[in-house]
Novice: 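Have a look at the structure that comes next, please.
Keep in mind the model is a prediction, meaning the values are calculated, not measured.
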Amino acid sequence: MDTLTISTWEQWKDVHSSSEQKKRQERALEKKCSPISINKEEASGLFKGSKGQYVTSLSQCDCVDFVRRKLPCKHMYRLAHELDVFPLSKDLQSDHLSKEAAMELIQSCLSEDEQIKFKYFCYLCGNNNSGETLYPKSFADKLISCNLASEVTQPERLLKHLHIQSVRQFLPEGVKNPRTKAALIELVAPFVTKEDIVFPDNQKCVTLHPSISNLGHTLHRKLCALYPDERQESSYYNF
């Protein structure tokens, strides 16, 4: 590996150990983050994104996450991994709880009614934090305190839960309004912070805690076995 490539990546050497960056390193190993192509001579890569393709180098990426945070995103970590500049280890997932330990935690922390709500939460979040939802602050904070959930802070994910009219308030002056909500969110997300986004009725946006984020579907099935369908419909929506 040439000196320029190594020195380019070295600019990030002080950020890798934070919890937020660890999450991105873990996501970089997921199959859906596999590169379309890698150009080793130019130390760049092409990745599939939600709205087309992202051109990625060791210093920047076209994705919303990098544009907003100006810190390495999952695509940059995967590129560094593919170039052997920053090899990623499967040990990043070693902090995950087993399904047995996760169920024990759920049953020790939550009442039966709360477990039924959590069953639906697991369904919405899926695996690897692919989803999130809004809950009343009291329930969300309880999940967070039990290490069953984490608060979502990424504007692009929070904006999905606002009505499109509320998202339009963040549109920069003079910029044409996109035709779809998804395009609008991608446009405004880099200019929005978590503090700018306020949900009605004191709700909080949460997703599964990193220690169980790989178990969303598994926990949903186990909780469905404990609490059959006849009990779920009213509990899913009545908080």
Novice: For a side-chain contact (heavy atoms from CB on, under 4.5 Å) check, start with the C-alpha distance between Met103 and Leu223, then their side-chain angles and the critical distance, and finish with the verdict.
Specialist: CA-CA 9 Å; Met103 284 298 297; Leu223 288 166; 4.0 Å; yes
Novice: Test side-chain contact (heavy atoms from CB on, under 4.5 Å) on Gln11 and Thr8 and set out the steps.
Specialist: CA-CA 6 Å; Gln11 67 181 301; Thr8 299; 3.9 Å; yes
Novice: Give, for atom CG of Asp84 and atom OG1 of Thr5, the distance between the pair rounded to the nearest 0.5 Å.
Specialist: 11.5 Å
Novice: Treating Ile, Leu, Val, Met, Phe, Trp and Tyr as nodes and any side-chain heavy-atom pair under 4.5 angstrom as an edge, say whether Leu29 and Leu58 lie in one connected cluster.
Specialist: yes
Novice: Test your reading of the model: is there a side-chain donor-acceptor pair from Ser108 to the backbone of Glu104, 3.5 Å cut-off?
Specialist: yes
Novice: Is it the case that over 12 heavy atoms from other parts of the model lie below 6.0 angstrom from the CD atom of Glu41?
Specialist: no
Novice: Please report the shortest heavy-atom distance between Phe66 and Ser59, naming the atom on each side.
Specialist: CZ-O, 3.3 Å
Novice: Less than 4.5 Å apart, side chain to side chain, heavy atoms only: is that true for Val188 and Val175?
Specialist: no
Novice: Say you draw a straight line from CG of Asn127 to OG of Ser213; how long is it, rounded to the nearest 0.5 Å?
Specialist: 8.5 Å
Novice: Show me the pairs that pass salt bridge (Lys or Arg N to Asp or Glu O under 4.0 Å) and involve residues 191-206, at least two apart or across chains.
Specialist: Asp141-Lys204, Glu151-Lys194
Novice: Are Leu159 and Leu134 linked, directly or through intermediate hydrophobic residues, by side-chain heavy-atom contacts shorter than 4.5 Å (ILVMFWY only)?
Specialist: yes
Novice: Would you say CD of Gln107 has more than 12 non-hydrogen atoms from neighbouring residues, nucleotides or ligands within 6.0 angstrom?
Specialist: yes
Novice: When rounded to the nearest 0.5 angstrom, what is the spacing between CH2 in Trp9 and OG in Ser57?
Specialist: 10.0 Å
Novice: Might you work through the side-chain contact (heavy atoms from CB on, under 4.5 Å) test for His81 and Phe86, ending with a clear yes or no?
Specialist: CA-CA 5 Å; His81 174 76; Phe86 190 77; over 6 Å; no
Novice: Looking only at atom types and distance, does a side-chain atom of Glu26 sit under 3.5 Å from a main-chain N or O of Lys23, one as donor and one as acceptor?
Specialist: no
Novice: Working note: Glu30 + Arg78, criterion salt bridge (Lys or Arg N to Asp or Glu O under 4.0 Å); need CA distance, chi angles, decisive distance, verdict.
Specialist: CA-CA 9 Å; Glu30 295 173 5; Arg78 183 58 178 263; over 6 Å; no
Novice: Quiz question: by atom type and distance under 3.5 Å, do the side chains of Tyr77 and His16 form a donor-acceptor pair?
Specialist: yes
Novice: According to a hydrophobic-cluster definition based on side-chain heavy atoms being under 4.5 Å apart (Ile, Leu, Val, Met, Phe, Trp, Tyr only), do Ile36 and Ile38 belong together?
Specialist: no
Novice: Among Arg24, Lys70, His75, which residue satisfies the side chain to side chain donor-acceptor pair (under 3.5 Å) criterion with Asp65?
Specialist: Arg24
Novice: Go through it in stages, so that I can follow the logic: the residues are Gln21 and Arg69, the test is side chain to side chain donor-acceptor pair (under 3.5 Å), and I'd like the CA-CA distance, side-chain angles, deciding distance and then a yes or no.
Specialist: CA-CA 11 Å; Gln21 293 307 114; Arg69 299 173 67 248; 2.6 Å; yes
Novice: Okay, side chain of Glu114, backbone of Ser111: is any donor-acceptor separation there less than 3.5 Å?
Specialist: yes
Novice: Quick check for you: to the nearest 0.5 Å, what is the distance between Leu162 atom CG and Ile185 atom CD1?
Specialist: 8.0 Å
Novice: State yes or no: do Phe170 and Phe191 share one hydrophobic cluster built from I, L, V, M, F, W and Y residues joined by side-chain heavy-atom distances below 4.5 Å, directly or via other members?
Specialist: no
Novice: Any chance you could measure Thr218, atom OG1, to Lys99, atom NZ, to the nearest 0.5 Å?
Specialist: 6.5 Å
Novice: Taking only residues two or more places apart in sequence, or in another chain, which ones meet Phe121 in a ring pair (Phe, Tyr, Trp, His ring centres under 6.0 Å)?
Specialist: Phe118, Tyr135
Novice: Do you know which two heavy atoms are closest between Cys61 and Tyr54, and how far apart they sit?
Specialist: SG-CB, 4.1 Å
Novice: Is there a donor-acceptor pair under 3.5 Å between the side chain of Gln53 and the backbone N or O of Lys48?
Specialist: no
Novice: As an exercise, state the distance from CD of Gln154 to OG1 of Thr207, rounded to the nearest 0.5 Å.
Specialist: 8.5 Å
Novice: Taking C-beta and beyond as the side chain, do Pro210 and Ser150 meet within less than 4.5 Å on heavy atoms?
Specialist: yes
Novice: Could you walk me through whether Leu158 and Ile197 pass side-chain contact (heavy atoms from CB on, under 4.5 Å), step by step?
Specialist: CA-CA 7 Å; Leu158 298 173; Ile197 302 170; 3.6 Å; yes
Novice: If a pair satisfies salt bridge (Lys or Arg N to Asp or Glu O under 4.0 Å) and one of its residues is in residues 158-184, list it, with sequence neighbours excluded.
Specialist: Glu132-Lys160
Novice: Between His217, Arg221, His220, Lys222, which is the residue that forms a side-chain contact (heavy atoms from CB on, under 4.5 Å) with Cys122?
Specialist: His220
Novice: Heavy atoms, side chains only, cut-off 4.5 Å: are His209 and Leu148 in contact?
Specialist: no
Novice: Can you name the nearest heavy-atom pair linking Asn147 to Leu105, along with the distance?
Specialist: O-CD2, 4.1 Å
Novice: Strictly distance-based, threshold 3.5 Å: is any side-chain N or O of Thr56 a donor or acceptor partner for the main-chain N or O of Ser44?
Specialist: no
Novice: Side-chain contact test, heavy atoms from C-beta onward, threshold under 4.5 Å: evaluate it for His163 versus Val167 and give yes or no.
Specialist: no
Novice: For the residue pair Leu79 and Met76, establish whether any side-chain heavy-atom pair is separated by less than 4.5 Å.
Specialist: no
Novice: Please report the shortest heavy-atom distance between Ala149 and Val206, naming the atom on each side.
Specialist: CB-CB, 4.2 Å
Novice: Does any non-hydrogen side-chain atom of Phe199 lie less than 4.5 Å from one of Cys205?
Specialist: yes
Novice: What are the two closest non-hydrogen atoms of Arg27 and Cys33, and how far apart are they?
Specialist: O-CB, 3.7 Å
Novice: Do Val55 and Val67 land in one hydrophobic cluster if side-chain heavy atoms of ILVMFWY residues count as linked below 4.5 Å?
Specialist: no
Novice: Going through the distances and angles, do Tyr227 and Glu112 end up as a side chain to side chain donor-acceptor pair (under 3.5 Å)?
Specialist: CA-CA 9 Å; Tyr227 305 105; Glu112 287 192 7; 4.6 Å; no
Novice: State, to 0.1 Å, how close Leu208 and Gly126 come at their nearest heavy-atom pair, and which atoms those are.
Specialist: CD1-O, 3.8 Å
